[in-house]
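Proteins come first, then strands; the chains are lettered A, B, ... in the order of their sequence lines, and each starts at number 1.
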Protein chains: 2
Amino acid sequence: MLRLSTKGQYGVRAMYEIARGYPDEPVNIKSISRRQDVSIHYLEQILNRLRRAGLIKSVKGPGGGYLLTRPPEEISIAEILEELEGPFALTSCLNPEEGCVRVDRCVTHLLWKSLGWQIESFLRTVTLDDLLKGFKPLDYQTLLKRARV
Amino acid sequence: MLRLSTKGQYGVRAMYEIARGYPDEPVNIKSISRRQDVSIHYLEQILNRLRRAGLIKSVKGPGGGYLLTRPPEEISIAEILEELEGPFALTSCLNPEEGCVRVDRCVTHLLWKSLGWQIESFLRTVTLDDLLKGFKPLDYQTLLKRARV
DNA sequence: AAATACTTAACTATTTTTGTCAAGTATTTT
DNA sequence: AAAATACTTGACAAAAATAGTTAAGTATTT
Ligand code: FES
Ligand code: FES
């Protein structure tokens, strides 16, 4: 239930590899593909979107690859996922572009909205730098402390 | 991103209607369909699963319908969603039946696992009784207080 | 000129979602 | 017994989303 698509998962893992080269060592697609076991062609599609969104930039030619445009501690997981999968809206009713006529008399609307907030808030507190440092949230209490900030 | 299927959404809303008849007034499918704007045939499919799971029971014949098998305050949203959409596993790697060979060297595995825990924990604290009483989580702080229990 | 590496668009197979349809079975009331 | 109400089950199917692949480029450095 509530599955994260492979596009989002691969995107975060690719960003982790690119973050390892920060600030000046471009990481090429082939090595990301090798280290993360994701097809080169699929990665091309994913990295293109992240580049157009301004999260990474590309360096062409031999020795080229991808580089972060900002320090790893300034790029959150939420930001990456948002670019690849759209806004945090658990239901179509919550999507501003779709909306819902039942909103006012719906008993579950606020529930989904709140859960969405909670998910988004947590993912905004986790950055690429956390992943680089081997961030390992061990228990629920630790998570709450982070989220409470 | 991270969408909840209509089956899960409709399931919770149907359970809310059935909860309104607790403990002794069976609620028939037709009235659930009318009040929640969901097709009768689709509801049949959903309620069947919830009945087989033991969350509700059916009463046949005229005046029949569905009844909760336990008090509304003992049935959490998490339980309903689990029956309709399977376990809280954000990625296939987290699903016990699927698994993943990369788990040990994966930089994101614990992240998705933690987020899954957080979502599940929150939904276990919200019950049908909360919905009946018009539970309206107003802000993130309120949510955290509930989750912290 | 050659090698490396990114860029873009179009296409497609598979799976999941979101239902519908049809033919029952069970129970109560008259 | 008959009629009405209401649940039960399984099969089917359209539509959308997911998860990629294919092909033909362009740009840069050595
Ligand atoms: S049905 Fe749209 S807000 Fe609940
Ligand atoms: S790829 Fe399976 S655990 Fe991360």
Partner set under salt bridge (charged side-chain N to carboxylate O under 4.0 Å, His left out) for [X], not counting sequence neighbours:
X	value
B/Arg51	none
A/Arg70	A/Glu79
A/Arg35	A/Glu17
B/Lys133	B/Asp129

Which whole-number value in Å describes the distance from [X] [atom1] to [N] [atom2]?
X	N	atom1	atom2	result
A/Arg49	C/dA9	CZ	P	13 Å
A/Asn48	D/dG25	CG	C1'	13 Å
A/Tyr66	C/dT4	OH	C1'	13 Å
B/Leu43	C/dT18	CG	P	14 Å

Q.
Donor-acceptor pair, distance only, cut-off 3.5 Å: does the side chain of A/Thr69 make one with the backbone of A/Leu55?
A.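 Yes.
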Q: Check for a donor-acceptor pair, side chain of B/Asp130 on one end and backbone N or O of B/Thr127 on the other, with a separation under 3.5 Å.
A: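 Yes, because the side chain of B/Asp130 sits within donor-acceptor range (under 3.5 Å) of the backbone of B/Thr127.
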Protein-nucleotides 17-24 of chain D N/O pairs under 3.5 Å:
| residue | atom | partner | partner atom | Å |
| --- | --- | --- | --- | --- |
| D/dA19 | OP2 | A/Thr6 | N | 2.8 |
| D/dA19 | OP2 | A/Thr6 | OG1 | 3.0 |
| D/dA19 | O5' | A/Thr6 | OG1 | 3.3 |
| D/dG20 | OP2 | A/Tyr10 | OH | 3.2 |
| D/dG20 | N7 | A/Gln45 | NE2 | 3.4 |
| D/dT21 | OP2 | A/Ser39 | OG | 2.7 |
| D/dT21 | O4 | A/Gln45 | NE2 | 3.0 |

Would you list the protein and nucleotides 27-30 of chain D atom pairs, both N or O, that sit under 3.5 Å from each other?
| residue | atom | partner | partner atom | Å |
| --- | --- | --- | --- | --- |
| D/dA27 | O4' | A/Lys60 | NZ | 3.0 |

Q. Which other residues belong to the hydrophobic cluster containing A/Leu67, where Ile, Leu, Val, Met, Phe, Trp and Tyr are joined when side-chain heavy atoms lie under 4.5 Å apart, directly or via other members?
A.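 Besides A/Leu67, the cluster holds A/Val59.
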Q: List the steps, then state whether side-chain hydrogen bond (donor to acceptor under 3.5 Å, both in side chains) holds for A/Glu85 with A/Ser5.
A: CA-CA 8 Å; A/Glu85 310 197 19; A/Ser5 75; 2.9 Å; yes
Q: Would you indicate whether the side-chain heavy atoms of B/Arg3 and A/Leu90 approach each other to under 4.5 Å?
A: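 No, too far: nothing below the 4.5 Å cut-off.
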(Q) I'd like to check A/Glu44 versus A/Ile29 (side-chain heavy atoms, cut-off strictly below 4.5 Å). Are they in contact? (A)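 Answer yes - side chains close enough.
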Q | Selection: residues 50-57 of chain B, any non-hydrogen atom under 4.0 Å of DNA chain D | A |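 Close to the strand are B/Arg51, B/Arg52.
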Q. Just wondering, more than 12 heavy atoms not from B/Glu25 lying within 6.0 Å of its CD?
A.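 Result for CD/B/Glu25: open.
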Q. For DNA chain D, what is the dot-bracket line, given that a base pair needs Watson-Crick (N1 to N3, plus N6-O4 or O6-N4) or G-U wobble (N1-O2 and O6-N3) geometry with both distances under 3.5 Å, and | means paired with another strand?
A. ||||||||||||||||||||||||||||||
(Q) Below 4.0 angstrom, which residues in residues 21-33 of chain B have at least one non-hydrogen atom near DNA chain C? (A)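 Output list: empty, so none.
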Q) Which residue pairs pass the side chain to side chain donor-acceptor pair (under 3.5 Å) test when at least one of the two sits in residues 86-95 of chain B, sequence neighbours left out? A)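 Pairs touching residues 86-95 of chain B that pass the test: B/Asn95-B/Glu98.
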Q.
According to ring-ring contact (aromatic ring centres under 6.0 Å, His included), does anything in residues 38-72 of chain A pair up with another residue at least two apart or in another chain? List the pairs.
A.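 Checked against ring-ring contact (aromatic ring centres under 6.0 Å, His included) - neighbours excluded - the pairs reaching residues 38-72 of chain A are A/Tyr10-A/Tyr42.
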Q: Using the rule that two of Ile, Leu, Val, Met, Phe, Trp, Tyr join whenever any of their side-chain heavy atoms come within less than 4.5 Å, decide whether B/Ile40 and B/Leu50 are in one cluster.
A: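 Yes, B/Ile40 connects to B/Leu50 through the hydrophobic network.
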Q | Straight-line distance of A/Leu47 CG to A/Ile18 CD1, nearest 0.5 Å | A |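 Going from the CG atom of A/Leu47 to the CD1 atom of A/Ile18 covers 5.0 Å.
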